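Hydrogens, waters and symmetry mates play no part in the numbers below; they use all other heavy atoms, side chains included. As the structure lists them, so they are numbered: ligands from 1, and atoms in each ligand from 1. The structure presented is a predicted model; accordingly, all values stated were derived computationally and were not measured.
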Amino acid sequence: MDHSAVSSARLDVDVKELLRPVLFGLPERDLDDLTEAAVVRTLPVGAILCEEGEEGDAIYFIVDGRVEIFKQMDDETERFLHTSGPGEWVGEMALLQEGGRTASVRAIEPTTIIEIGRETFLLVLGRSPSLSIRILVRLTGRLRDSDQQAIADLRKANEELTQALQQLERLDRTKTDFIQVSAHELRTPVAALLGYAQMMRNDPTVQGVPKLRTLVEGVVTSTERLHRIFNSILDVSRLMTDGLEVIRSPVSIRVVFEGIPLEFEQVLKQRDLTLEIKGLNDLPVCSGDPDMLYKVFYHLVNNAIKYTPDGGKITVTGRTVDVEDVGRCIEVVVQDTGIGIASQDLDLIFEKFYRTGEVALHSSGMSKFKGGGPGLGLAIAKGVVEAHGGRIWAESPGYDEETCPGSRFVVQLPVLTDSLLSESGESARG
Ligand code: ADP
């Protein structure tokens, strides 16, 4: 290849005598043929002798100086492979493969090379077993070198990744600790505030002044929400630090659900939503923490309410199923007639702080249609269900606010067996 920085003038060097030691043992006739076809070139520092991808139409013997062989990476950086100096040759690979160059070659010192065109070189190679063996030995050596280089690169990349991971884990722990401590510290005064606000709401003086009653009602609602958010943040930070301790006891899902209709009674009425609960009475007992399990269904029903337009229906259905690798399970499905969930979000919504679309963010939106939440409910639900050895997932035909295809959230929890019962006993004692 004729690169501009490469001088193509024939230099006054004795090519045959230079090639002789390099191609040691080659018959005179072959040396003569190679010498006849050779062109001697000089390269200044930085000149590109051949470039990755271009056709391999010559082999280069280095007389003096030094070249580096490198590859262009996707991110525009260069990956250094090796250097070659006097008595070595480069460029034979593409020549033999009849393909493009697999790497580029650049002079890193003023360099003189002997260039021999492909046709002549292959002709001589065909006649000379010793030259073929030499090329084989050289190629094998190169393969070994590049293997070792690749292993060293991988090892280095692995070390860097491990360090980065450790650094990220440290940062994540610090962040989680910070969140946990802050939420804990803030929840205490908020709990006190809530208590005082509730007392104020019940005070006859406040009750007697409509304007004051409305204001205090606002304070109570906002403080309740703040309290709930801090509780959720604490729940999530416990899940993140594996600090979620399931104190197991036999749990009836029917009993867990008893508080749910009462909890949402007001909003269901306000928004003309129907909540139907069926099939829970005959469910077997499972093993777990009833307060935590209550949170799971609280968040699922709360979401069903939030993402279903007024007049819609939420149906909770319980049944027993056999699950592969888990055994007999209680399955509770919370189904709504709401806006649905796009298929690409079905898994992501269980990530903490993940919310789809544009949701309202103001604090009074807790059970309003599409009212915003902190994006923690499903992360908590998933963490709690998994800590109980169960599974949770979402199903939906898609997201459409016009047709409201609805969503189904399925929770499966292992039925209490003798072995779980003994575990319950142990953890209850422990
Ligand atoms: P948020 O506090 O935002 O409700 P969640 O973790 O409970 O946080 O839910 C995450 C996201 O999943 C919600 O922002 C919403 O986009 C989507 N989502 C959850 N439940 C439903 C549902 N029943 N119907 C439609 N979308 C839902």
- Item | Cation over ring face, Arg79 and Phe70, 6.0 Å, 45° |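 That pair does not qualify as a cation-pi contact.
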For ligand 1, is any non-hydrogen atom under 4.0 Å from [X]'s backbone (N, CA, C, O), its side chain (CB onward), both, or neither?
X: Leu376; result: backbone
X: Leu378; result: both
X: Lys306; result: side chain

Identify, by atom number and element, the atoms of ligand 1 in contact range of [X], meaning under 4.0 Å from any of its heavy atoms.
X: Asn303; result: 4 (O), 5 (P), 7 (O), 9 (O), 19 (C), 20 (N), 23 (N)
X: Phe409; result: 20 (N), 21 (C), 22 (C), 23 (N)
X: Gly377; result: 5 (P), 6 (O), 7 (O)

Tell me whether [X] reaches ligand 1 (any heavy atom closer than 4.0 angstrom to a ligand atom).
X: Gly340; value: yes
X: Phe350; value: no
X: Gly338; value: no

- Item | Centroid-centroid distance, Tyr298 to Phe264, less than 6.0 Å |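 Yes, the ring of Tyr298 comes within the 6.0 Å limit of the ring of Phe264, centre to centre.
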- Task: Check the angle between the aromatic planes of Phe61 and Trp89 and answer parallel, tilted or perpendicular using the 30° and 60° thresholds.
- Result: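 Perpendicular.
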- Query: Are Leu139 and Glu92 close enough, and set up right, to give a side chain to side chain contact (heavy atoms under 4.5 Å, CB included), and what steps lead you there?
  - Reply: CA-CA 9 Å; Leu139 286 179; Glu92 76 282 10; 3.7 Å; yes
- Asp336, Thr308, Leu348: member with heavy atom nearest to atom 23 (N) of ligand 1: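 Heavy atom nearest to atom 23 (N) of ligand 1 belongs to Asp336.
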- Query: Looking at Leu378 and Leu300, what are the two nearest heavy atoms and their distance?
  - Reply: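 Answer, listing the atom of Leu378 first, then Leu300: CD2-CD2, 3.6 Å.
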- Message: Using every non-hydrogen atom in the two residues, find where Ala183 and Leu234 come nearest and quote the distance to one decimal.
- Response: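 Taking Ala183 first and Leu234 second, the nearest heavy atoms are CB-CG, 3.9 Å.
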- Test salt bridge (charged side-chain N to carboxylate O under 4.0 Å, His left out) applied to Arg101 and Glu51, step by step: CA-CA 7 Å; Arg101 299 274 185 213; Glu51 223 164 339; over 6 Å; no
